Visitor: 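Next up is a structure, given as structure tokens.
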2 protein chains.
Amino acid sequence: MGTESEAYTFDWRSVCSITSGLDVLGDKWSLLIVRDLIAHGTRTYSEFRESPEHVSTNILADRLRLLTSLGIIERTNPDGVARNNAFRLTPSGAALRPVLEEIGKWSQTYLKQFHSNMVDSV
Amino acid sequence: MGTESEAYTFDWRSVCSITSGLDVLGDKWSLLIVRDLIAHGTRTYSEFRESPEHVSTNILADRLRLLTSLGIIERTNPDGVARNNAFRLTPSGAALRPVLEEIGKWSQTYLKQFHSNMVDSV
DNA sequence: CCGCATCCGTTACGATACTG
DNA sequence: CAGTATCGTAACGGATGCGG
């Protein structure tokens with residue numbers, strides 16, 4: 001298939017806003033990219049790779065493309081070459097902070113019994 | 001494999017609380033089960049199936065088992081037969097309400113341009 | 001009927017190797 | 001350094017079967 005792609009086509013499962021949010025963000029990696037950008041401001045491809053969860057390259061590239069196409073993240077130098085061209089949050093992406101905060105608070109309260117060495121974040 | 005199973009074993013990707021939350025809830029279905037229980041109080045297996053997203057039976061059974069094993073949901077009649085034995089939220093599950101609210105608010109603000117007939121919920 | 005388990009084709013994921 | 005190609009594995013999703 002094409003090496004370049006815009007136009008992610010979404011199959012929205014229903015008109016429910018929660019469902020639609022999960023259609024986009026309901027996976028194990030997308031919100032971690034947002035987390036890294038909240039924590040660090042900008043982040044290059046290889047810096048994302050250094051995060052402790054160690055996302056694989058194809059998943060990372062796919063999610064960066066997806067989040068970019070939805071206007072959640074963007075390149076810091078849109079017209080530059082990819083090399084050392086970092087990503088940052090758009091206002092849409094920055095608005096995900098409360099989602100991450102609530103997930104973090106819930107996990108610390110209700111998941112610690114299953115995962116004792118858990119730690120704060122964001 | 002076994003018809004009965006407790007003991008879901010989790011591979012926590014890191015000590016980050018957000019990551020751990022996504023290890024558990026980072027998929028397209030688990031939080032929709034929680035949504036239905038917030039909206040309706042209790043819900044039987046077949047009632048979950050009637051939700052507009054139409055989860056398939058094996059996924060639903062798997063998620064109900066997972067959420068139960070983590071103490072997020074429970075049977076209304078723990079010692080009764082499965083038939084017409086509804087599920088409800090535990091305090092842990094009820095505490096996920098702010099997560100769903102934030103996802104819903106974000107989607108209504110930033111996803112409506114991609115999904116115009118989206119609607120409120122929870 | 002209701003609550004699943006099983007089967008099976010399709011899609012997504014994940015590790016690694018490789019390229020401009 | 002920023003990805004893409006490949007390929008084996010796991011998850012998903014629909015259909016169906018089956019016991020209670």
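Order of the sequence lines fixes the chain letters, A, B, ..., with proteins taken first and strands second; residue numbering starts at 1 for each chain. Please read these numbers as outputs of a predicted model, since none were measured by experiment. Excluded from the calculations below are hydrogen atoms, water molecules and symmetry mates; all remaining heavy atoms, backbone and side chain alike, are included.
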Visitor: Would you kindly give the CD-to-C1' distance between A/Glu47 and D/dA2, to the nearest whole Å?
Guide: 13 Å
Visitor: Which heavy-atom pair separates A/Arg13 from A/Asp23 by the least distance, and what is that distance?
Guide: NE-OD1, 2.5 Å
Visitor: Under 6.0 Å from the six-membered ring centre of A/Trp106 and within 45° of its axis: does the NZ or CZ of B/Arg97 meet both?
Guide: no
Visitor: Would you say C/dG3 has OP1 or OP2 under 4.0 Å from some side-chain N or O of B/Ser46?
Guide: yes
Visitor: What pairs with B/Arg83 under side chain to side chain contact (heavy atoms under 4.5 Å, CB included), at least two apart in sequence or on another chain?
Guide: B/Val81
Visitor: Among residues at least two apart in sequence or on other chains, which ones pass side-chain hydrogen bond (donor to acceptor under 3.5 Å, both in side chains) with A/Arg88?
Guide: A/Glu74
Visitor: Nearest 0.5 Å, please: how far is CG in B/Leu96 from CD1 in B/Ile33?
Guide: 12.0 Å
Visitor: Bend angle of the helix from C/dC1-D/dG20 to C/dG20-D/dC1 from five-pair axes at both ends, rounded to 10°?
Guide: 30°
Visitor: What residues, two or more places apart in sequence or in another chain, satisfy side chain to side chain contact (heavy atoms under 4.5 Å, CB included) together with B/Ser14?
Guide: A/Pro52, A/Glu53, B/Cys16, B/Thr19
Visitor: Applying salt bridge (charged side-chain N to carboxylate O under 4.0 Å, His left out), run through B/Asp27 and B/Arg63 and close with a yes or a no.
Guide: CA-CA 10 Å; B/Asp27 76 282; B/Arg63 292 303 187 281; 3.2 Å; yes
Visitor: Sugar-phosphate means primed atoms, P, OP1 and OP2; the rest is base. With that split, encode nucleotides 7-20 of chain D 5' to 3' as B, S or - using protein heavy atoms under 4.0 Å.
Guide: -----SBBB----B
Visitor: Starting from C1' on C/dT10, measure out to CG on A/Asp11 and report it in whole angstrom.
Guide: 14 Å
Visitor: Quick one: label A/Arg75 by what it contacts on the DNA or RNA (base, sugar-phosphate, nothing), any heavy atom closer than 4.0 Å.
Guide: sugar-phosphate
Visitor: With a 4.5 Å cut-off on side-chain heavy atoms, are A/Val99 and A/Ile103 touching?
Guide: yes
Visitor: Given atom CD1 of B/Ile33 and atom P of C/dG3, what is their separation to the nearest angstrom?
Guide: 14 Å
Visitor: Rounded to whole Å, please give me the gap between CG in A/Leu66 and P in C/dA12.
Guide: 12 Å
Visitor: Quickly work out the A/Arg65 CZ to C/dA12 P distance and round it to whole Å.
Guide: 13 Å
Visitor: Check the distance between D/dC1's C1' and A/Arg49's CZ and give it to me in whole angstrom.
Guide: 11 Å
Visitor: By side chain to side chain contact (heavy atoms under 4.5 Å, CB included), which residues pair with B/Phe114, not counting sequence neighbours?
Guide: A/Trp12, A/Leu70, B/Leu111
Visitor: Quick one: A/Asn77 CG to D/dC1 C1', roughly how many Å, whole number?
Guide: 15 Å
Visitor: Round to a whole Å and report the spacing from CZ of B/Phe87 to C1' of C/dC2.
Guide: 12 Å
